[in-house]
Q: 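First the structure, then my questions, so here it is.
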Amino acid sequence: MREPAIDRLIGWFETSARDLPWRAPDRTGWGVLVSEIMLQQTPVARVLPIWQEWLERWPAPSALAAASQGEVLRAWGKLGYPRRALRLHAAAGVIAAEHGDVVPSDVDTLLALPGIGAYTARAVAAFAYGRRAPVVDTNVRRVVARAVHGAGDAGPPSTTRDLADVEAFLPADEPRAAKLSAALMELGALVCTARTPRCAVCPVHDDCAWQHAGRPEYTGPAKAVQKFAGTDRQVRGLLLDVLRGTEGPVEKARLDLVWSQSGQRDRCLDSLLVDGLVEQTSDGLFALPGEH
DNA sequence: TACGCGTGGCC
DNA sequence: TGGCCAAGCGT
């Protein structure tokens with residue numbers, strides 16, 4: 001990506017970026033981290049109200065760490081992938097105990113925390129602390145595939161290659177690099193979208209390799225769209241929903257109502273126990289962890 | 001590298 | 001209607 005295009009993209013971001021609370025001037029590393037975990041595979045609109053509740057209720061990592069896992073899972077609500085909530089809870093405990101209750105700014109330190117991978121570590125370093133780090137999510141992969149490589153969409157992900165792709169044009173200046181990282185994501189979210197990209201309003205239209213190539217269709221391997229209906233994921237979600245909606249421990253008969261196939265039902269309940277999302281009480285009832 | 005992991009809105 | 005999509009991670 002050429003320097004003028006980077007300039008225009010940053011300029012566009014400064015005038016057109018969404019006014020999200022985790023981007024406010026008074027944001028904290030903790031607020032940014034919570035947002036990044038919640039936003040993994042979950043749309044902004046659904047994250048917003050839950051993020052507000054969490055930051056009011058648990059304004060620092062130590063506050064979240066002091067809550068029970070069950071409380072955390074209830075507060076997570078229906079954001080999906082509730083294992084993220086347990087990992088964030090665990091990460092908060094490590095941050096409170098080993099990092100002075102301050103979210104680390106160093107990528108490698110962040111990577112060592114549970115639930116924080118290649119994307120989230122760099123997103124926190126860049127967005128909370130202004131560090132220079134290639135922040136590559138699905139939006140950035142798509143923008144780079146089009147604007148830089150002239151392809152219709154990104155191929156299968158490869159962390160090493162994806163990071164190198166962005167590193168290659170990331171400005172040396174730290175705050176500018178951080179701003180560009182945010183701008184690339186925002187462009188992918190608002191303009192260079194998966195379906196129906198809004199090329200007419202794109203700030204890098206004139207520099208886009210995909211435009212110059214005549215906007216060819218994506219030709220790579222078909223992306224596997226995962227099923228949901230009838231899968232263990234659906235059944236686990238139904239089981240957890242019963243426990244979230246109930247005050248105390250429940251009998252297994254209550255859980256049996258959510259799915260007719262007993263084999264799949266029991267397998268899913270077992271897997272929830274293994275994952276630590278459900279616990280069994282001494283008298284054989286089932287509950288969210290730490291709530292009995 | 002491929003897969004499993006929740007949930008809901010959109011066209 | 002139902003496939004597609006949404007700021008990934010861990011194994």
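Not measured: the values here are computed from a predicted model. Here is how names work: the chains are called A, B, and so on, in the same order as the sequence lines, proteins then strands, and each is numbered from 1. Basis for what follows: all heavy atoms, side chains included, without hydrogens, waters or symmetry-related copies.
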Q: Answer with base, sugar-phosphate or nothing: what part of the nucleic acid does R195(A) contact at a heavy-atom distance below 4.0 Å?
A: base
Q: Check every strand shown and say whether W22(A) touches a base, only sugar-phosphate, or nothing at a heavy-atom separation below 4.0 Å.
A: base
Q: Assign each of L113(A) and V44(A) to its nearest nucleotide of DNA chain C by heavy atoms, then name whichever residue's nucleotide is nearer the 5' end.
A: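 The residue mapped nearer the 5' terminus is V44(A).
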Q: Answer with base, sugar-phosphate or nothing: what part of the nucleic acid does P157(A) contact at a heavy-atom distance below 4.0 Å?
A: nothing
Q: Taking atom types as they are modelled, is there a donor-acceptor pair under 3.5 Å from the base of dA7(C) to the side chain of R84(A)?
A: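 No.
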Q: Starting at CG of D137(A) and ending at P of dC5(C), how long is that distance when rounded to a whole Å?
A: 15 Å
Q: Contact class for A229(A) vs. all strands (heavy atom < 4.0 Å): base, sugar-phosphate, or nothing?
A: nothing
Q: Applying a 4.0 Å non-hydrogen cut-off, can you work out what P156(A) is touching in the nucleic acid: base, sugar-phosphate, or nothing?
A: nothing
Q: Can you measure from CG (L86(A)) to CH2 (W76(A)) and round to the nearest 0.5 angstrom?
A: 9.5 Å
Q: Using atom C1' of each nucleotide, how far apart are dT11(C) and dT1(B) to the nearest Å?
A: 11 Å
Q: Check every strand shown and say whether A123(A) touches a base, only sugar-phosphate, or nothing at a heavy-atom separation below 4.0 Å.
A: nothing
Q: Under 4.0 Å between any heavy atoms, over every strand shown, what does L272(A) touch: base, sugar-phosphate, or nothing? Just pick one.
A: nothing
Q: Establish whether the base of dT7(B) is bridged to the side chain of R233(A) by a donor-acceptor pair shorter than 3.5 Å.
A: no
Q: To the nearest angstrom, how far is L111(A) atom CG from dG8(C) atom P?
A: 16 Å
Q: Looking only at side-chain N and O atoms, does R122(A) offer a donor or acceptor that is under 3.5 Å from a partner on S181(A)?
A: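 No, because no side-chain N or O of S181(A) sits under 3.5 Å from a partner of the opposite role on R122(A).
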Q: Closer than 3.5 angstrom, by distance alone: can the side chain of T231(A) be matched with the main-chain N or O of F228(A) as a donor-acceptor pair?
A: yes
Q: Describe the nucleic acid contact of I37(A) in one word from base, sugar-phosphate, nothing, applying a heavy-atom distance below 4.0 Å.
A: nothing
Q: What interatomic distance, in whole Å, is found between C1' of dG6(B) and the corresponding atom of dA6(C)?
A: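 Each nucleotide's C1' atom is 12 Å from the other's.
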Q: More than 12 heavy atoms of other residues, nucleotides or ligands under 6.0 Å from CZ of R198(A): is that the case?
A: no
Q: Ignoring hydrogens, what is the shortest heavy-atom contact between H212(A) and D206(A)? Give both atom names and the distance.
A: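 Closest heavy-atom pair between H212(A) and D206(A): NE2-O, 2.9 Å.
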Q: Closest-nucleotide mapping onto DNA chain B: is L238(A) or T159(A) further toward the 5' terminus? I mean the 5' end.
A: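 Counting from the 5' end, the first nearest nucleotide belongs to T159(A).
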Q: Please state how far atom NZ in K78(A) lies from atom P in dG6(B), giving the value in whole angstrom units.
A: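 Nearest whole value for this atom pair: 13 Å.
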Q: Rounded to the nearest angstrom, tell me the gap between atom CZ in F127(A) and atom C1' in dA7(C).
A: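 Computing the F127(A):CZ to dA7(C):C1' distance gives 8 Å.
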Q: Is there a donor on the side chain of T42(A) or the base of dG8(B) sitting less than 3.5 Å from an acceptor on the other?
A: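 Side chain to base: no pair below 3.5 Å.
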Q: Would you kindly compare R161(A) and Y81(A) by the position of their nearest DNA chain B nucleotide and give the one closer to the 5′ end?
A: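 Taking each residue's closest nucleotide, the earlier one in sequence belongs to R161(A).
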Q: Think Q41(A) has a side-chain N or O under 4.0 angstrom from the OP1 or OP2 of dA6(C)?
A: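 No, no such contact exists.
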Q: For dG10(C), does OP1 or OP2 lie under 4.0 Å from any side-chain N or O of R87(A)?
A: no
Q: At under 4.0 Å between heavy atoms, what does R142(A) touch on the DNA or RNA strands: base, sugar-phosphate, or nothing?
A: sugar-phosphate
Q: Test for a donor-acceptor pair under 3.5 Å between the base of dC3(B) and the side chain of Q226(A), counting only N and O atoms.
A: no
Q: Are C268(A) and L239(A) close enough, and set up right, to give a side-chain contact (heavy atoms from CB on, under 4.5 Å), and what steps lead you there?
A: CA-CA 8 Å; C268(A) 288; L239(A) 291 168; 3.9 Å; yes
Q: Mind checking T120(A) for me? I need base, sugar-phosphate or nothing, with any heavy atom below 4.0 Å counting as a touch.
A: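 The answer is sugar-phosphate, as T120(A) gets under 4.0 Å only of primed atoms, P, OP1 or OP2.
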Q: Counting heavy atoms not belonging to E174(A), are there more than 12 under 6.0 Å from its CD?
A: yes
Q: Can you tell me how far P of dG6(B) sits from NZ of K227(A), to the nearest Å?
A: 19 Å
Q: Quickly work out the K223(A) NZ to dT1(B) C1' distance and round it to whole Å.
A: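 Value for this atom pair: 16 Å.
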Q: What's the gap between dC9(C) and dG8(B) when it is taken at their P atoms, as a whole Å value?
A: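 Result for the P pair: 23 Å, nearest Å.
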Q: Contact class for T193(A) (heavy atom, under 4.0 Å): base, sugar-phosphate, or nothing?
A: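 Nothing, no nucleic acid heavy atom in range.
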Q: CZ of R141(A) versus P of dA6(C): gap in Å, rounded?
A: 11 Å
Q: To the nearest Å, how far apart are L110(A) CG and dA7(C) C1'?
A: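 About 16 Å, once rounded to whole Å.
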